Amino acid sequence: MTLRRRLLAVLLAGVVPWTVYFYDGGAGGFAAYGLLSFTPAFHVTDLATYLDNAVVPGGWFSAWLTGVLLYAVALCSLALGALGREDHRVTDGLLALAGLNELYFAVGFYTTRDYLTLPLGALCLLAVAVWDYRGRGRAFRPQ
């Protein structure tokens, strides 16, 4: 598995809306790069603007931001792969933790808001972590 394929898979997992929610008359989403609004017209509020203008509640809502942070650190770890300094287990573990955080966020969003939520990003992040670990993780087992 080449570094280019791994980087493409991780970047695609970051482009997908991580949590999509549906409510009466509309839909929206949360992604690694900001908030998405699908109705009445598509609009993206980038993460920096959101953090400048919003009070971020704690609890389950902070799991989205924690997932974004874990994803960013996983990208940095993957970038070290170009220098030959990456431990694949660290990168895959960070991706798996980001996926679990987003799953927790989607469940919390569903239970408190009673919106239908789809944790697309959680599934993508976990799938990439498992795919990469199964392909590369065996090389790091002690002998």
Side-chain angles (χ1 to χ4, degrees), residues 1-23 26-113 115-143:
M1 187 168 338
T2 65
L3 179 64
R4 183 174 289 157
R5 288 178 67 188
R6 294 178 64 230
L7 180 62
L8 181 64
V10 172
L11 287 175
L12 286 175
V15 172
V16 172
W18 284 359
T19 300
V20 177
Y21 61 92
F22 300 94
Y23 57 92
F30 292 86
Y33 45 87
L35 281 84
L36 309 172
S37 176
F38 301 120
T39 51
F42 183 75
H43 177 72
V44 176
T45 302
D46 64 280
L47 192 58
T49 303
Y50 173 75
L51 292 176
D52 283 343
N53 297 315
V55 175
V56 178
W60 61 268
F61 196 86
S62 62
W64 168 54
L65 297 174
T66 304
V68 171
L69 179 65
L70 289 167
Y71 176 74
V73 175
L75 280 176
C76 292
S77 176
L78 187 60
L80 288 174
L83 304 173
R85 308 285 296 167
E86 177 198 16
D87 185 343
H88 299 283
R89 297 171 296 181
V90 172
T91 304
D92 297 336
L94 288 166
L95 289 172
L97 287 174
L100 291 174
N101 265 282
E102 295 310 316
L103 186 60
Y104 177 65
F105 173 76
V107 170
F109 200 76
Y110 170 73
T111 57
T112 59
R113 305 287 174 118
Y115 294 161
L116 173 65
T117 58
L118 298 175
L120 299 177
L123 299 175
C124 289
L125 289 166
L126 290 169
V128 169
V130 168
W131 169 74
D132 189 41
Y133 182 77
R134 298 223 1 129
R136 305 283 301 212
R138 295 187 188 119
F140 291 96
R141 290 195 179 145
Q143 306 209 2

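Here the structure is a predicted model, which is why all the values come from computation and not from measurement.
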- Task: Could you check whether the rings of Phe30 and Phe109 sit parallel, tilted or perpendicular, using 30° and 60° as the cut-offs?
- Result: perpendicular
- Item | Between OH on residue Tyr71 and CG on residue Leu95, distance to nearest 0.5 Å | 8.0 Å
- Task: Measure the shortest side-chain to side-chain distance between Thr66 and Phe105 over non-hydrogen atoms and say whether it is less than 4.5 angstrom.
- Result: no
- Heavy-atom neighbours of Tyr110 OH exceed 12 at 6.0 Å: no
- Query: Given the rule in the side-chain contact (heavy atoms from CB on, under 4.5 Å) test, do Asp87 and Leu80 qualify, once you have shown the distances and angles that lead to the verdict?
  - Reply: CA-CA 9 Å; Asp87 185 343; Leu80 288 174; over 6 Å; no
- Message: Rounded at 0.5 Å granularity, tell me how far CG in Leu97 sits from CG in Asp92.
- Response: 11.0 Å
- For the atom pair CZ (Arg89) and OH (Tyr133), what is the distance rounded to the nearest 0.5 Å? 7.5 Å
- Taking the side chain from Tyr33 and the backbone from Val15, do they hold a donor-acceptor pair closer than 3.5 Å? yes
- Separation between CG (Leu3) and CG (Leu78), nearest 0.5 Å, reads 5.5 Å
- Note on the structure: All heavy atoms of Tyr104 vs all of Ala63, minimum pair found to be CD2-CB, 3.6 Å
- Val90 and Ser77: which non-hydrogen atoms are nearest, and at how many Å? CG1-OG, 4.2 Å
- Message: How long is the straight-line distance from OG1 of Thr117 back to CZ of Phe22, given to the nearest 0.5 Å?
- Response: 9.5 Å
- Message: Looking at Trp64 and Ala106, would you say the former's side chain and the latter's main chain have a donor-acceptor pair under 3.5 Å?
- Response: no
- Message: Please report the interatomic distance CG(Asn101) to CG(Leu69), rounded to the nearest 0.5 Å.
- Response: 9.5 Å
- So which heavy atom on Ala9 is nearest to which on Val128, and how close? O-CG2, 3.8 Å
- Query: How far apart are the closest heavy atoms of Leu36 and Ala31, and which atoms are they?
  - Reply: CD1-CB, 4.3 Å
- Grab the two heavy atoms, one from Leu126 and one from Ala96, that are nearest each other, plus how far apart they are. CD2-O, 3.5 Å
- Message: Using only atom types and a distance under 3.5 Å, with no angle test, would you say the side chain of Thr49 pairs donor to acceptor with the backbone of Thr45?
- Response: no
- Closest approach of Leu125 and Glu102, non-hydrogen atoms and distance? CD1-CG, 4.4 Å
